[in-house]
There are 2 protein chains.
Amino acid sequence: MSTVSGEAADGGRTPQRGRPARYTREALLDLVVGVFNERGYEGASMEDLARASGLTKSTFYHHVSGKEELLRMAVGRALDALSAALDETMATHARPIDLLADAVRRTTEVLLDELPYVTLLLRVRGNTAVEREALARRRAIDARLAALVKVAAEAGEIRADIDPRLASRLLFGMVNSITEWYRPGARTASRTSIVDAVTGVALTGLRTPGAS
Amino acid sequence: MSTVSGEAADGGRTPQRGRPARYTREALLDLVVGVFNERGYEGASMEDLARASGLTKSTFYHHVSGKEELLRMAVGRALDALSAALDETMATHARPIDLLADAVRRTTEVLLDELPYVTLLLRVRGNTAVEREALARRRAIDARLAALVKVAAEAGEIRADIDPRLASRLLFGMVNSITEWYRPGARTASRTSIVDAVTGVALTGLRTPGAS
DNA sequence: GTCTATATGTTGATAGAC
DNA sequence: GTCTATCAACATATAGAC
């Protein structure tokens, strides 16, 4: 169970006119999100999604309720992961600057581990109810992150010459921008080196320490 | 001339069934790009664009050749501005670290001054020929910026523990992320404070200098 | 320059045979 | 579970009257 095409209990007599196409719902969602990210949510048609899964459009509809529901599942997964990461950070009860660094690290890790889902989430515009709901949840997470920056600023642990809200936007804008280029498997930077680089640049900047 | 509805040389006898709608081509493009950014390029229909301009769909088509051509003009404007800013930076012949700081500053300024156009550019996916051409031009600009970072790294002026390509992506990812939230006129950070903050965070980081 | 009307294709979604 | 066939809605784009 939880597979898409069932167990062929009739002993193979079934015509199977298309490709076998036996996906778990998770594998199917992975595939769908891949197409969403390639062509954009609006630019991807149900026909595109069906073809990518090796099914006809009708068969595809037999398994999924519709395009919007697919989006809801996908962005929900991203939001849950980001939310959980932030919960874990808060549970450490560390000093403000360390809380912030931990949030940056964990958010970056979620982004790398759930890359297609977070990528899709970050591109949501707000045309439909599903999208607006996702934006609202995302704003709530951003607000929690901004609060972390604010606390660190009030503790004097980050520079006072930049507004905490602006600092938060730049910081997590940098983190989120990873979705623009990171492709796992490609010969780019490793997960660890990215996490270290983000945290490093965020806290101490690019310039060589001590250089003029 | 260069207006959209002409000079009404008949002395006002024209029926004018819709809204007056007298735009320069630039004002019309501004309006179009606004809708593109609100709904997404794929999500915005010609009907949407026409309605936003106060014209019927047909009248709108009388003035513009089609949706894709509107996109070409819009992203072309963004690409030209970014390219020109980078040319200006190179013409200063400064030290590597100062070249880099200047590129960050000028790129940020273009982003703020041409916000809707650059925002649209940064969201281009690559579904059509126009989009792929824009992506190619954008990649060329990114490569020039990455080269600046590399030179600064080789001169020992930025930290050696981060791969220059990764540093470049994080740095300009942070810069580009401004399009996600900046809204001129809203009571957010001013142009100057944003430019200063970006340059500051990029080079020296968020952490308070000298703090543990 | 603007309109109404329409041509033509594509989209999300369903009906019903096998 | 899979297919072919089809629908209603909406898309881009054009024709032609005023």
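As a basis for the values below, the full set of heavy atoms in this structure was taken, side chains included, without hydrogen atoms, waters or symmetry mates.
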I want to check something: taking the side chain as every heavy atom from C-beta on, are [X] and [Y] in contact at a cut-off of under 4.5 Å?
X	Y	result
Leu29(B)	Glu26(B)	no
Asn37(A)	Arg123(A)	yes
Arg137(B)	Asp80(B)	yes

Regarding [X] and [Y], do their side chains bring together a donor and an acceptor under 3.5 Å, going by distance alone?
X	Y	answer
Asn127(B)	Glu42(B)	yes
Ser177(A)	Glu180(A)	no
Ser45(B)	Asp48(B)	yes

Extract from the structure each pairing of a protein N or O with an N or O of nucleotides 8-12 of chain D at less than 3.5 Å, listing the distance.
{"unit_1": "dT12(D)", "atom_1": "OP1", "unit_2": "Met46(B)", "atom_2": "N", "d": "3.3"}
{"unit_1": "dT12(D)", "atom_1": "OP1", "unit_2": "Lys67(B)", "atom_2": "NZ", "d": "3.3"}
{"unit_1": "dT12(D)", "atom_1": "OP2", "unit_2": "Met46(B)", "atom_2": "N", "d": "2.8"}

With respect to the phosphate group of [N], does any side-chain polar atom (N or O) of [X] fall under 4.0 Å of OP1 or OP2?
X	N	answer
Ser58(B)	dT2(C)	no
His62(A)	dA13(C)	no
Thr59(A)	dG1(D)	no

Side chain to side chain donor-acceptor pair (under 3.5 Å) with Thr204(B): which residues, sequence neighbours excluded?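 For Thr204(B), the residues satisfying side chain to side chain donor-acceptor pair (under 3.5 Å) (neighbours in sequence not counted) are Arg159(A).
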
Run through DNA chain D and report every stem of 3 or more consecutive Watson-Crick or G-U pairs, distances under 3.5 Å, ordered by first number.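 Expected stems, ordered by start: C:1-18 with D:1-18.
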
